[in-house]
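By convention here, the first residue in the shown sequence is residue 1.
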Amino acid sequence: LFIRHTSCTLSVHLKERHYSHLTTGRFLMPADLAGDPLLIFAPIADAKSSLHAVFKKRYEVYLRDIVRDIQLKHFHGFDRQIVLIDMVEALQNGPKCYHDMKIGLDRMLSLYSYKNRKFFRKFFPSIRHVTFVATKADLVAASQSNNYLALLDEMTDEIRATLDISHIKTSTQVIASVKCTQSITQQYRGKTLSFIRGISAKDKKLVEIYPGEMPASYPPATQWRADHYAYEAFLPPQKSYKESEAFDHIHMDRVIASLIGDLL
């Protein structure tokens with residue numbers, strides 16, 4: 001129990017500090033396995049340890065019953081995928097967070113690489129299209145949207161090149177599934193700056209903030225400063241929608257068109 005508690009605590013600790021390359025995911029989100037002894041395992045280098053055989057067996061059962069029989073079978077038949085990337089989090093939390101996110105994406109999508117195709121073909125048909133989307137586009141002023149997309153392209157450039165070798169089509173887009181803010185311009189110290197207006201999630205009041213300039217390329221460690229990226233969480237707009245009316249959004253229609261437009 002101590003080992004499982006330590007593993008879970010470490011995973012939660014890293015997640016709270018904005019690391020994304022964390023496994024296994026069920027330690028963070030156990031769902032129906034909460035409290036199940038199946039999740040009480042951890043890597044042990046000493047093969048002679050009395051716990052090694054026990055943990056090895058539990059890990060193998062986890063791979064067989066959870067990963068293969070539930071998760072992989074659930075995705076069987078999928079041929080298109082959306083990968084959500086929180087670029088705002090990477091900007092706010094610095095170079096280590098950014099590079100950890102790149103490693104996590106690379107590891108996650110490596111299963112589609114040519115060398116792994118044979119092994120995974122029994123679970124997946126050929127994935128034909130992967131769309132990478134940067135979320136929280138409504139936290140970025142509309143005038144900065146192109147820079148936000150350029151930042152996403154930089155993050156995923158190497159991964160998309162690898163997928164291209166495997167004949168997998170890729171695309172990128174910036175989105176907000178629910179648009180919580182409006183972009184406005186204001187004068188500040190003789191300059192016209194792009195602000196965003198919305199209901200702050202912190203104090204539930206209407207605020208106008210200047211989030212800073214969105215860079216088109218991720219800044220080097222020597223130039224990165226947290227106070228340059230003052231992005232905040234906002235609540236959805238207080239408006240009523242008709243039953244058939246879509247929520248205000250940013251580019252969700254483009255994402256849908258890029259993924260399934262050829263099927264319509």
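- With Q81 contributing its side chain and V130 its backbone, the two residues share no donor-acceptor pair below 3.5 Å.
- Ion pair D262/R80 flagged as a salt bridge, since at least one NZ, NE, NH1 or NH2 atom sits closer than 4.0 Å to an Asp/Glu carboxylate oxygen.
- Within a 6.0 Å radius of OH in Y210, other residues, nucleotides and ligands contribute more than 12 heavy atoms.
- In this structure, K239 forms a cation-pi arrangement with Y241, its terminal cationic atom sitting closer than 6.0 Å to the ring centre and no more than 45° off the ring axis.
- E208 places no side-chain N or O within donor-acceptor distance of the main-chain N or O of F195, the cut-off being under 3.5 Å.
- Between D106 and I159, the shortest heavy-atom distance links the atoms N-CD1, 3.9 Å.
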### Task
Starting from the C-alpha separation in whole Å, work towards a yes-or-no answer on side chain to side chain donor-acceptor pair (under 3.5 Å) for S143 and S194.
CA-CA 7 Å; S143 62; S194 296; 2.7 Å; yes

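- The closest donor-acceptor contact from the side chain of W224 to the backbone of L91 lies under 3.5 Å.
- The backbone N or O of M252 sits less than 3.5 Å from a side-chain atom of H249, completing a donor-acceptor pair.
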### Message
Is there a side chain to side chain donor-acceptor pair (under 3.5 Å) between H129 and S171? Walk through the geometry before answering.
### Response
CA-CA 8 Å; H129 192 150; S171 57; 3.1 Å; yes

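- Here the side chain of Y229 pairs no donor or acceptor atom with the backbone of N93 at under 3.5 angstrom.
- The pair R128-D79 counts as a salt bridge, with a side-chain nitrogen and a carboxylate oxygen less than 4.0 angstrom apart.
- A donor-acceptor pair is defined here as one N or O able to donate and one able to accept, closer than 3.5 Å; no such pair exists between the side chain of Y98 and the backbone of M87.
- For R160 (side chain) and T172 (main-chain N/O), no donor-acceptor pair under 3.5 Å exists by modelled atom type.
- I250 and V255 fall into different hydrophobic clusters, where Ile, Leu, Val, Met, Phe, Trp and Tyr residues are linked whenever their side-chain heavy atoms come under 4.5 Å apart, directly or through other members.
- Residues Q187 and T192 have side chains that bring a donor and an acceptor to within less than 3.5 angstrom of each other.
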### Task
Could you give me the CA-CA distance, side-chain angles and deciding distance for D138 and T181, then say whether side chain to side chain donor-acceptor pair (under 3.5 Å) is met?
CA-CA 6 Å; D138 56 335; T181 67; 4.8 Å; no

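- Atom CG of N146 has 12 or fewer neighbouring heavy atoms from other residues, nucleotides or ligands inside a 6.0 Å radius.
- Here the CD-OH distance, from E89 to Y231, works out to 13.5 Å after rounding to the nearest 0.5 Å.
- For the pair I85 and M101, the tightest heavy-atom approach, listed with the atom from each and the gap, is CG2-SD, 3.6 Å.
- Distance alone, capped at 3.5 Å, places no donor-acceptor pair between the R58 side chain and the L39 backbone.
- In this structure, the side chain of E154 does not engage the main chain of L151 through any donor-acceptor pair within 3.5 Å.
- The pair E60-K56 meets the salt-bridge criterion, with a side-chain N (NZ, NE, NH1 or NH2) lying under 4.0 Å from an Asp/Glu carboxylate O.
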